[in-house]
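Scroll down for the structure; my scribbles are underneath it.
Here is how names work: the chains are called A, B, and so on, in the same order as the sequence lines, proteins then strands, and each is numbered from 1. Note that the coordinates shown come from a computational prediction; the quantities given were computed from them, not determined experimentally.
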There are 2 protein chains.
Amino acid sequence: MITVAIVEDDQDIRESLALLINGTPNFNCVGTYNSVEKGVKGIMKEQPDVVLMDIGLPGMSGIEGIKILKEKEPEIDILVLTIQSDDRIVFDALCAGACGYLVKDTPPAQLLEAIQESHEGGAPMSTRIARLVVESFQVTPQTNLTNRETEVLTHLCKGKSYKMIADDLCISEETVRRHIKNIYRKLEVHSKSEAVAKAFKEKLVKL
Amino acid sequence: MITVAIVEDDQDIRESLALLINGTPNFNCVGTYNSVEKGVKGIMKEQPDVVLMDIGLPGMSGIEGIKILKEKEPEIDILVLTIQSDDRIVFDALCAGACGYLVKDTPPAQLLEAIQESHEGGAPMSTRIARLVVESFQVTPQTNLTNRETEVLTHLCKGKSYKMIADDLCISEETVRRHIKNIYRKLEVHSKSEAVAKAFKEKLVKL
DNA sequence: AGAAAAATCCCCCTTTCGGGGTATGGATTC
DNA sequence: GAATCCATACCCCGAAAGGGGGATTTTTCT
């Protein structure tokens, strides 16, 4: 038996989800909430196995709700179910602790499967979302850094000083300085920490 | 009709995969290869829609194969099918350009579904793999940094100088220095770039 | 209420960085 | 054969960072 809670502001959707869940053997809806605030409170009390969470609600956003719930009840699996599919929102939701992400046109059978999968330690995602997530790993080193410069940047990203890099690469510290000057110019940054930050954010180096 | 190629060193597995695919309407196996080297060559010629790629082959590894193929034929979807499921290998494969990742105990029906899904722009993953991938987004601040220190670290990770951080937080530069001293002690680092590197690697901050 | 932790501020001093020039040999390209 | 890019190396100098102290106030926890 899998217990499910629903956070969703649209009454029609909320009720049909509850009907679907309660109408399926081994699924039981133990709470429906029309706001994140009520949801958080109720879910802490009911301790469902899985939460279906909408994102774009009036009041507190679903993302915030995920953060709070994950903070207080890390064992509960939170599955996002929403119309929104902006890249930013998808990643925010996952970073906040969602275990999966479905868009709202998911057919009932698949929705039930996804709930089951969440509860079994999976991470169900709609087709497009899954591809988005996977592609986020793929590196596009779209800079014109030379090989040597990339090498130096990699060392910077390990927190090395000019002197250490010079020793590692067996070149003079002055040359390291020169490479770094060029890196800064190309990345349009003005300090080591900015360069490291940019390198990580744009996946310019692989560690 | 979806055309598929298989790279797999075990003859039994290779042949039964080919049989499965050719025995299914709308699926057509256009090449089977027992090594990555042969696979790359053949796949560039045959231009299949989807490649089933093993990882642990003798000779060139599947990861390398993915990199090369994605470099030359970015349109072809590469679906990893392997027994290996080390975290490191999963992420390496996805970073190299795989569009999905299945472990070898996947039942035939699901395998066919996954091929279809790959071709439709999805990213099929086995249950455990999907969770692994999703969890990689989640921040685990298992450090004893205080709120303020985390805040300062976040600014460091944007490449800010002491002075800029002081202005942003409306505190004296000396206080910023003090926080940073404490951060360095707790993270066991000795420079901004090291701190930023560690913060990114351990996902201590969210940007 | 009292203790502990966190956040704030100040001083000293040395090392490292970052920006400015300049130069030379080798490889590649045109 | 000239032009360009890359990697190497050096100088100067001021600003920023980092390590060592110490001190006060505010918050938090018990």
Spacing between B:L156 atom CG and D:dA16 atom P, to the nearest angstrom: 15 Å
Test applied, side chain to side chain donor-acceptor pair (under 3.5 Å); reference residue, A:E149; option that passes from A:R178, A:K186, A:H179: A:K186
Aromatic plane relationship, B:F137 with A:F91 - under 30° parallel, 30 to 60° tilted, over 60° perpendicular: tilted
Length of the CD-P vector between B:E174 and D:dG19, whole Å: 14 Å
Protein-nucleotide distance (A:N144, atom CG; D:dC6, atom P), rounded to Å: 8 Å
Atom CG of A:L19: over 12 foreign heavy atoms under 6.0 Å: yes
Test: A:R14 and A:D10 ion pair at under 4.0 Å: no
First of A:R148 and B:E173 reached from the 5' end of DNA chain D, by closest nucleotide: A:R148
A:K201, NZ: over 12 other non-hydrogen atoms inside 6.0 angstrom: yes
Phosphate-side-chain proximity, B:Y162 and D:dG18, N/O vs OP1/OP2 below 4.0 Å: yes
Spacing between A:E151 atom CD and D:dT8 atom C1', to the nearest angstrom: 14 Å
Carboxylate-amine/guanidinium proximity below 4.0 Å for B:K104 and B:E8: yes
Under-4.0 Å salt bridge between B:K158 and B:D168: no
Candidate pair B:I2 and B:Q116, rule side-chain contact (heavy atoms from CB on, under 4.5 Å), full reasoning: CA-CA 8 Å; B:I2 301 178; B:Q116 175 101 37; 4.1 Å; yes
Flag for B:K38-B:N34: side-chain donor and acceptor within less than 3.5 Å: yes
Among B:V7, B:I115, B:V40, B:D77, side chain to side chain contact (heavy atoms under 4.5 Å, CB included) partner for B:V51: B:V7
Any residue of residues 175-198 of chain A with a heavy atom less than 4.0 Å from an atom of DNA chain D: A:T175, A:R178, A:H179
Distance-only donor-acceptor check, side chains A:N28 and A:T3, under 3.5 Å: no
Five-pair end axes of the helix from C:dA1-D:dT30 to C:dC30-D:dG1 and the angle they enclose, rounded to 10°: 70°
Opening and closing nucleotides of DNA chain C in contact with chain A, under 4.0 Å to non-hydrogen atoms: C:dC17 to C:dT22
